[in-house]
Amino acid sequence: MSVESDSSQVQGLTSGSGFPTFPVAPGYRVNVRSGPGTNYSVTRVLPLGASVGIRCQCEGTKVSGPYGTTTIWDNIANGEFISDAYVKTGSDGYITSRCG
């Protein structure tokens, strides 16, 4: 069974921090930003094939990516956010608590 076709398998994974872990879109090196929007500075770039633990989610700049167009941003570490449009969560909506 592939992770691509079974979102329940993806959601069962956890990072070392205990947060649910999800794969970043294949073939993309995603910018990690200091806040939930494209107007925030890039703090680092995720490598190809990365997975991220999502601590919480919030609304921010609208972004279009391989998984659609969304205003949801995923908090992956303290002061680090990526657009949910680049993360395979298996949902178009919020999948964890809202930040704040």
Side-chain angles (χ1 to χ4, degrees):
M1 195 178 308
S2 77
V3 173
E4 296 297 322
S5 64
D6 185 1
S7 63
S8 64
Q9 183 181 12
V10 172
Q11 292 175 355
L13 302 174
T14 58
S15 66
S17 61
F19 295 104
T21 302
F22 301 92
V24 173
Y28 288 89
R29 299 181 64 163
V30 178
N31 289 333
V32 177
R33 296 187 176 269
S34 62
T38 55
N39 55 317
Y40 289 89
S41 62
V42 174
T43 59
R44 64 185 174 115
V45 178
L46 295 176
L48 294 173
S51 290
V52 293
I54 300 176
R55 298 163 56 130
C56 60
Q57 295 175 299
C58 59
E59 191 165 331
T61 306
K62 183 186 286 186
V63 172
S64 294
Y67 299 121
T69 299
T70 185
T71 58
I72 297 174
W73 283 72
D74 303 332
N75 176 239
I76 61 168
N78 189 27
E80 293 190 342
F81 295 82
I82 62 172
S83 171
D84 197 58
Y86 289 90
V87 182
K88 186 173 179 68
T89 62
S91 172
D92 287 339
Y94 288 87
I95 53 93
T96 191
S97 62
R98 294 197 183 205
C99 302

Test your reading of the model: is there a side-chain donor-acceptor pair from Trp73 to the backbone of Thr61, 3.5 Å cut-off? yes
Return yes if some donor-acceptor pair links the side-chain N/O of Thr43 with the main-chain N/O of Val32 below 3.5 Å, else return no. yes
Considering only Ile, Leu, Val, Met, Phe, Trp and Tyr, and joining two whenever side-chain heavy atoms are under 4.5 Å apart, list the other residues clustered with Leu48. none
Apply the test side chain to side chain contact (heavy atoms under 4.5 Å, CB included) to residues Thr89 and Ile54: give CA-CA distance (whole Å), side-chain angles for both, the deciding distance (0.1 Å), then the verdict. CA-CA 10 Å; Thr89 62; Ile54 300 176; 4.0 Å; yes
What about Phe81 and Phe22, same hydrophobic cluster or not, with Ile/Leu/Val/Met/Phe/Trp/Tyr joined at side-chain heavy-atom distances under 4.5 Å? yes
Do Gln57 and Asn75 have side chains that get closer than 4.5 Å, going by heavy atoms? no
Taking the side chain as every heavy atom from C-beta outward, state whether Thr21 and Ser51 have any pair of such atoms under 4.5 Å apart. yes
Of the non-hydrogen atoms in Tyr40 and Arg33, which two are nearest, and what is the gap between them? O-NH1, 2.6 Å
Can you find a heavy atom in the side chain of Phe19 that is under 4.5 Å from one in the side chain of Cys56? no
Sequence neighbours excluded, which residues qualify as salt bridge (Lys or Arg N to Asp or Glu O under 4.0 Å) partners of Arg29? none
Nearest heavy-atom pair of Thr70 and Ala85: which atoms, and what distance? CG2-N, 3.5 Å
Cut-off 3.5 Å, no hydrogens considered: what does the side-chain donor-acceptor table look like for residues 92-100, sequence neighbours left out?
none

Nearest 0.5 Å please: distance from the CD1 atom of Ile76 over to the CD1 atom of Ile82. 5.0 Å
With a 4.5 Å limit on heavy-atom distance, are the side chains of Val63 and Thr69 in contact? no
If you look at every heavy atom in Ser91 and Asp84, which pair is closest and at what distance? O-OD2, 4.3 Å
Heavy-atom distance under 4.5 Å between the side chains of Val52 and Asp74, does that happen here? no
Does Ser34 reach the main-chain N or O of Gly79 with its side chain, forming a donor-acceptor pair under 3.5 Å? no
Do you know which two heavy atoms are closest between Pro66 and Tyr28, and how far apart they sit? CG-CE1, 3.6 Å
Transitively linked via ILVMFWY side-chain contacts under 4.5 Å: Tyr86 with Leu46? yes
